[in-house]
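Heads up, the thing below is written out as structure tokens.
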Amino acid sequence: MSLLQNVREYFKKSTLKKELQKRGNFIKKKVNIQSAKSIGILFDATSLDRRQAILQYADRLKKQRKKVFLLGYFDVKQSDGASHDFKFFDKKSINWMQAPKGDAVDFFLQQNFDIFVFLNPTTTTYSEYIAALTKANLKVGPISTEMEAYDLMLSVKNQTSIKDFIQHMEAILKKTNKEHEAA
């Protein structure tokens, strides 16, 4: 790691620690996919196919009477007048510490979720930052070295399609925090 990367990482962790202290304690409740009423989904919106698959998944959750908040990330700069069916930020919104900023990110972080999900087979710097600051009873994402990012980490192949990732995630979430009946 270069000196610049070390300095960037130091300031990112320091800033994140301060932000977490400002937010105070969030008391987590036991939740699973069936009992969740609100779900926050962070995703890479750069690919049209991936974006459509995630929007279909969000629609399916909404049909189950769940409140769904979407936050997409574009790896390319979006024009000032760009509009989508979800809030988003782009590469331009990420500061030198690799922390995402902007109205869409701030709005997302103000919400309380039963479940937060980063729908991507691999973790990213921006997803770890947002996940760490998100107020959610259960935070789900891919394997990460940042322990404060996710409560439940999924290990899948990098080439896994987003539909396969969603199926894998839901299969696990259906078994998570499940109430057991007396015998």
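Please read these numbers as outputs of a predicted model, since none were measured by experiment. All residue numbers refer to positions in the sequence shown, counting from 1.
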Output yes when a side-chain donor or acceptor of [X] lies under 3.5 Å from a complementary backbone atom of [Y], and no otherwise.
X      : Y      : result
Asp114 : Ser38  : yes
Lys66  : Ala36  : yes
Lys139 : Ala132 : yes
Asp75  : Thr46  : no
Asn137 : Ile115 : no
Thr134 : Ile130 : yes

Locate the shortest heavy-atom distance separating [X] from [Y]; write the atom from each residue and the value.
X      : Y      : answer
Ala45  : Phe74  : O-CE2, 3.2 Å
Pro142 : Pro121 : CB-O, 3.3 Å
Leu173 : Gln34  : O-OE1, 4.3 Å

Got a second to check how far [X]'s [atom1] is from [Y]'s [atom2], nearest 0.5 Å?
X      : Y      : atom1 : atom2 : value
Thr122 : Ile143 : OG1   : CD1   : 11.5 Å
Asp90  : Gln78  : CG    : CD    : 6.0 Å
Ile162 : Gln56  : CD1   : CD    : 12.0 Å
Ser93  : Asn95  : OG    : CG    : 10.0 Å
Leu42  : Thr124 : CG    : OG1   : 7.0 Å
Ile172 : Asn32  : CD1   : CG    : 13.5 Å

* Kindly state whether the ring of Phe89 and the ring of Tyr73 have centres lying under 6.0 angstrom apart. =>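 That pair passes the under 6.0 Å test.
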* Ring centres of Phe108 and Phe113 under 6.0 Å apart? ->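 Close enough - the centres of the two rings lie under 6.0 Å apart.
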With heavy-atom distances below 4.5 Å as the criterion, would you say the side chains of [X] and [Y] are in contact?
X      : Y      : answer
Arg60  : Ile166 : yes
Phe88  : Phe43  : no
Phe69  : Ile39  : no
Ser144 : Glu128 : yes
Leu119 : Met169 : yes

* Asked: Would you say the side-chain atoms of Asn120 and Asp44 include a donor-acceptor pair closer than 3.5 Å?
  ->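 No.
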* Asked: Going by distance alone, is a donor N or O of one side chain under 3.5 Å from an acceptor N or O of the other, for Gln52 and Tyr57?
  ->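 There is no such pair between these side chains.
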Might you confirm whether atom [atom1] of [X] has over 12 heavy atoms from other residues, nucleotides or ligands at distances under 6.0 Å?
X     : atom1 : value
Lys91 : NZ    : no
Lys77 : NZ    : yes
Lys37 : NZ    : no

* To do: Assess Lys87 against Phe107: is NZ or CZ under 6.0 Å from the centre of the six-membered ring, and within 45 degrees of the ring's axis?
  =>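 Verdict for Phe107: a cation-pi partner in Lys87.
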* Asked: Per the side chain to side chain contact (heavy atoms under 4.5 Å, CB included) rule, which among Val68, Leu55, Leu71 passes with Phe86?
  ->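 Result for side chain to side chain contact (heavy atoms under 4.5 Å, CB included) with Phe86: Leu55.
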* In terms of ring plane angle, is the pair Tyr150 and Phe116 parallel, tilted or perpendicular, where the classes change at 30° and 60°? ->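 If you compare the ring of Tyr150 with that of Phe116, the planes turn out parallel.
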* To do: Run the numbers on Glu170 and Lys175 for salt bridge (charged side-chain N to carboxylate O under 4.0 Å, His left out), then give the verdict.
  => CA-CA 9 Å; Glu170 279 202 329; Lys175 297 174 185 175; over 6 Å; no
